[in-house]
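A quick write-up on the structure given underneath.
Excluded from the calculations below are hydrogen atoms, water molecules and symmetry mates; all remaining heavy atoms, backbone and side chain alike, are included. Throughout, protein chains are lettered first and strands after them, A, B, ... in sequence-line order, and every chain is numbered starting at 1.
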Number of protein chains: 2
Amino acid sequence: MQDNLRRFKAEIFQALAHPTRIAIVELLRDDGETAVTAVYERLELEQANVSQHLAVLRSKHIVVARKDGNQVFYSLRDRALGKVLDLMRQFFHAHLEESLALLEDMRTKEPRTKKTPAGGRKP
Amino acid sequence: MQDNLRRFKAEIFQALAHPTRIAIVELLRDDGETAVTAVYERLELEQANVSQHLAVLRSKHIVVARKDGNQVFYSLRDRALGKVLDLMRQFFHAHLEESLALLEDMRTKEPRTKKTPAGGRKP
DNA sequence: TCCAAGTATTCGACAATTCGAATATGCTTG
DNA sequence: CAAGCATATTCGAATTGTCGAATACTTGGA
């Protein structure tokens with residue numbers, strides 16, 4: 001059981017382990033219930049992509065959907081998760097220097113580059 | 001920058017998004033500084049595997065290593081992460097019923113089965 | 001110096017995630 | 001019912017994560 005519990009936690013973390021999903025959660029936390037259209041317009045992302053990420057969040061019960069006629073409104077299911085993100089910011093600030101180094105690191109590696117033509121390292 | 005910050009958070013979550021790494025973090029939180037041998041003996045895992053997971057945690061600065069002679073002692077770098085896990089438990093309890101359903105779901109799907117011989121559904 | 005203990009890294013196979021494109025589903029209005 | 005908007009799902013390709021086995025590195029002692 002101890003192990004199942006850990007798998008459960010891991011799945012929650014996994015669900016949050018993507019910049020877009022974090023953006024979505026933060027948006028819902030700040031703006032409350034929001035329709036899908038508003039989400040992908042605010043975040044400037046493709047509809048399908050947002051829908052896929054919402055599906056992930058939904059499957060882990062991080063988010064709840066409410067249907068209203070044509071559209072679907074999403075909201076955070078529990079504000080504990082908002083707190084988690086706050087702690088995250090705290091964590092970030094507490095170790096600002098190293099965090100910045102990490103960010104720098106991330107910048108050099110360029111995120112999800114899909115068309116980097118010749119970036120290969122080590123010939 | 002907003003986006004970089006989200007990528008940073010996502011990486012932290014990603015680092016925690018594995019049952020073994022959660023087990024490690026919880027162990028370090030509860031027992032304090034611990035040598036690698038003790039970790040993999042307590043968790044009944046392969047040395048290499050634990051070392052790989054520790055490398056992940058290290059690369060995200062979730063954990064710090066202190067060398068002492070032959071061995072390396074690991075500890076949590078920030079108790080904020082302990083708090084995050086506490087919030088997680090809170091989250092779990094707050095939604096116990098659905099969480100249990102999720103666990104049940106996970107049980108049926110069996111995690112990381114590598115040698116399930118004939119479990120396939122749909123012939 | 002050689003060896004053994006304790007950790008870390010590399011490698012190859014396989015599983016899982018992610019994206020955009022295409023397509024499907026569901027609701028509402030005419 | 002057809003058309004059209006809002007959302008979801010499926011597909012294939014590329015990327016990333018995971019594991020055990022093998023191997024390398026580092027330290028302390030014979």
**Q.** From CA spacing to verdict: salt bridge (Lys or Arg N to Asp or Glu O under 4.0 Å), R89(A), D86(A)
**A.** CA-CA 5 Å; R89(A) 181 163 40 224; D86(A) 283 345; 2.9 Å; yes
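- Within a 6.0 Å sphere centred on CZ of R66(B), other residues, nucleotides and ligands contribute more than 12 heavy atoms.
- No hydrogens or angles considered: a donor-acceptor pair under 3.5 Å links the side chains of R21(A) and H53(A).
- The nearest whole Å value for the distance from the CD atom in Q47(B) to the P atom in dC19(D) is 14 Å.
- Checking the phosphate oxygens (OP1, OP2) of dC19(C), a side-chain nitrogen or oxygen of H18(A) falls inside 4.0 Å.
- Considering only side-chain atoms of V36(B), the nucleotide from dA8(D), dG26(C), dA8(C) that sits closest is dA8(C).
- Atom-to-atom, NZ of K67(B) to C1' of dT7(C) comes out at 8 Å; the value is rounded to the nearest Å.
- With hydrogens and angles ignored, the 3.5 Å screen pairs no side-chain donor or acceptor of R6(B) with any backbone N or O of I22(A).
- In this structure, L16(B) places its CG atom 15 Å from C1' of dG17(D), rounding to the nearest Å.
- No single ILVMFWY cluster, assembled from side-chain heavy atoms under 4.5 Å apart, contains both V64(A) and V39(A).
- Contact check, R58(A) against dT7(D): no side-chain N or O comes under 4.0 Å of OP1 or OP2.
- A straight line from CG of L54(B) to C1' of dT7(C) spans 10 Å, rounded to a whole angstrom.
- Residue H53(B) places none of its side-chain N or O atoms closer than 4.0 Å to OP1 or OP2 of dG17(D).
- Taking 3.5 Å as the limit, the base of dG20(C) and the side chain of Q52(A) contain a donor-acceptor pair of atoms between them.
- For the pair D68(A) CG and dA6(D) P, the computed distance is 13 Å after rounding to whole Å.
- Within the structure, a side-chain polar atom (N or O) of T37(B) is placed less than 4.0 Å from OP1 or OP2 of dT7(C).
- Positionally, the nearest nucleotide of DNA chain C for A48(A) lies more toward the 5' end than for the other of G69(A) and A48(A).
- Of the two residues near DNA chain D, N70(A) and A65(A), the one whose nearest nucleotide lies more 5' is N70(A).
- At whole-Å resolution of the value, CZ in F73(B) and P in dA8(C) are 12 Å apart.
- As rounded to whole Å, 11 Å separates atom P of dT18(C) from atom CD1 of I24(A).
- Y74(B) comes within contact range of the sugar-phosphate backbone alone, with a heavy-atom separation under 4.0 Å but no base atom that close.
- A close approach under 4.0 Å does not occur between any side-chain nitrogen or oxygen of R66(A) and OP1 or OP2 of dT7(D).
- Of the residues near DNA chain D, Q14(A) and S51(A), the one whose nearest nucleotide (by heavy atom distance) lies more toward the 5' end is S51(A).
- Comparing dT9(D), dT9(C), dT18(C) against the side chain of A55(B) picks out dT9(C) as the nearest.
- Protein atom CD of E46(A) is 5 Å distant from nucleotide atom P of dG20(C), rounded to whole Å.
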